[in-house]
J.: 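Below is one structure. I have some questions about it.
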Amino acid sequence: MSITLALSKGRIFEETLPLLAAAGIEPTEDPERSRKLIIATNRPDVRLIIVRATDVPTYVQHGAADLGVAGKDVLMEHGGEGLYQPVDLNIARCRMMVAAPLGFDYEAAVRRGARLRVATKYVQTARLFFAAKGVHVDLIKLYGSMELAPLVGLADVIVDLVSTGGTLKANNLAAVEEIAPISSRLIVNQAALKLKHRQLQPIIDAFRRAAA
Ligand code: ATP
Ligand code: MG
């Protein structure tokens with residue numbers, strides 16, 4: 001039986017390469033150079049597919065890929081249905097934060113029960129987070145460059161990933177509350193884990209050892 005692993009280009013691919021190597025898997029091509037979406041490996045029974053980061057859980061959930069690597073941010077937004085998440089790979093680490101313009105008193109707005117306009121690509125995560133705090137929000141779905149929204153009056157705050165804080169600082173924004181620490185997880189299709197256990201378990205074990 002053949003094994004398909006879903007990865008996204010960029011930092012997740014780069015940071016997963018050493019883990020793949022530890023499992024004895026080497027891609028035969030670099031997805032940053034090749035336009036191929038299906039990439040062979042040194043193992044005839046293992047191939048990689050290259051998809052958008054947000055699409056990785058979807059491919060694995062439906063069994064089009066047996067395994068994948070996805071950020072916790074993407075998994076929180078997806079919901080994780082049909083997926084095992086056996087290993088925290090500790091790669092692509094950052095934090096999901098609420099951020100606001102330097103002049104905006106977030107604490108005071110929350111305390112007086114103001115209705116907050118929140119721009120984000122993580123609408124599900126933001127909805128759950130603010131609901132748990134009892135804060136009323138209007139969610140504005142964006143697909144990128146969230147930092148711009150408060151600067152032009154589209155929103156009061158944003159929910160976004162922060163690593164160094166450099167982009168926030170360059171735009172006169174600051175993180176005001178942490179929602180969750182983020183890292184990438186190995187995800188596995190639940191049915192595949194039973195059907196292809198003999199092939200999948202050693203890969204999962206190798207990733208776990210290499211990530212520790
Ligand atoms: P694009 O940026 O091309 O629109 P994307 O945002 O889907 O695509 P990446 O920016 O490569 O893709 O992010 C992929 C994953 O890497 C995210 O889901 C997240 O888990 C993690 N990530 C994103 N930004 C950072 C960061 N600044 N530091 C560390 N990890 C990050
Ligand atoms: Mg990005």
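All ligand and atom numbering here is 1-based and tracks the order in the structure.
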J.: Would you say R11 has any N or O atom under 3.5 Å from an N or O of ligand 1, going by distance alone?
T.: yes
J.: Okay, side chain of D156, backbone of A100: is any donor-acceptor separation there less than 3.5 Å?
T.: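 No; judged by distance alone, with no hydrogens or angles, the pair does not exist.
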J.: Near L161, which atoms of ligand 1 are under 4.0 Å from a heavy atom of that residue?
T.: 19 (C), 22 (N), 23 (C), 24 (N)
J.: Does any N or O in the side chain of Q61 come within less than 3.5 Å of the main-chain N or O of L83, such that one atom is a donor and the other an acceptor?
T.: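 A pair under 3.5 Å: no.
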J.: Mind running side-chain contact (heavy atoms from CB on, under 4.5 Å) on F129 and M96 for me, showing each step along the way?
T.: CA-CA 11 Å; F129 175 75; M96 175 97 64; over 6 Å; no
J.: From the options L139, D138, V98, V135, select the one residue that forms a side chain to side chain contact (heavy atoms under 4.5 Å, CB included) with L116.
T.: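 Result for side chain to side chain contact (heavy atoms under 4.5 Å, CB included) with L116: V135.
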J.: Work out whether the distance between some heavy atom of T54 and some atom of ligand 1 is less than 4.0 Å.
T.: no
J.: Ligand 1 and D73, any nitrogen or oxygen pair closer than 3.5 angstrom?
T.: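 Yes.
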J.: Just wondering, do T41 and L48 contact through their side chains at under 4.5 Å, heavy atoms?
T.: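 Side chain of L48 against side chain of T41, heavy atoms only: contact under 4.5 Å found.
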J.: Indicate yes or no: does an N/O atom of Y122 lie under 3.5 Å from an N/O atom of ligand 1?
T.: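 By distance alone, the answer is no.
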J.: Apply the side chain to side chain contact (heavy atoms under 4.5 Å, CB included) test between D160 and each candidate in R95, E147, M97; give the one that qualifies.
T.: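 The passing option is E147.
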J.: For ligand 1, is any non-hydrogen atom under 4.0 Å from R93's backbone (N, CA, C, O), its side chain (CB onward), both, or neither?
T.: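 It is the backbone that touches ligand 1; the side chain stays farther off.
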J.: Does ligand 1 have an atom that lies less than 4.0 angstrom from a heavy atom of G10?
T.: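 The answer is no, since G10 has no heavy atom less than 4.0 Å from ligand 1.
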J.: Taking atom types as modelled, find out whether R93 and S183 have a side-chain donor-acceptor pair closer than 3.5 angstrom.
T.: no
J.: Relative to the heavy atoms of V74, which atoms of ligand 1 are at a distance of less than 4.0 Å?
T.: 18 (O)
J.: Would you confirm whether R209, through its side chain, and A23, through its main-chain N or O, come within 3.5 Å as a donor-acceptor pair?
T.: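 The answer is no, because no donor-acceptor pair under 3.5 Å joins these two groups.
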J.: Taking only heavy atoms of K121, which atoms of ligand 1 are found under 4.0 Å from at least one of them?
T.: 6 (O)
J.: Relative to the heavy atoms of R52, which atoms of ligand 1 are at a distance of less than 4.0 Å?
T.: 4 (O), 8 (O)
J.: Using a 4.0 Å cut-off to any heavy atom of A53, which atoms of ligand 1 qualify?
T.: 7 (O), 14 (C)
J.: Under 4.0 Å from a heavy atom of I12: give me the atoms of ligand 1 that qualify, with their elements.
T.: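 It comes down to these atoms of ligand 1: 15 (C).
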J.: In terms of hydrophobic clustering (I, L, V, M, F, W, Y; side-chain heavy atoms under 4.5 Å; direct or indirect links), are I203 and L7 co-clustered?
T.: yes
J.: With heavy atoms under 4.0 Å as the rule, classify the contact between V162 and ligand 1 as side chain, backbone, both or neither.
T.: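 The answer is neither; V162 stays 4.0 Å or more away.
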J.: Going by the order shown, which atoms of ligand 1 are within less than 4.0 Å of some heavy atom of G71?
T.: 20 (O)
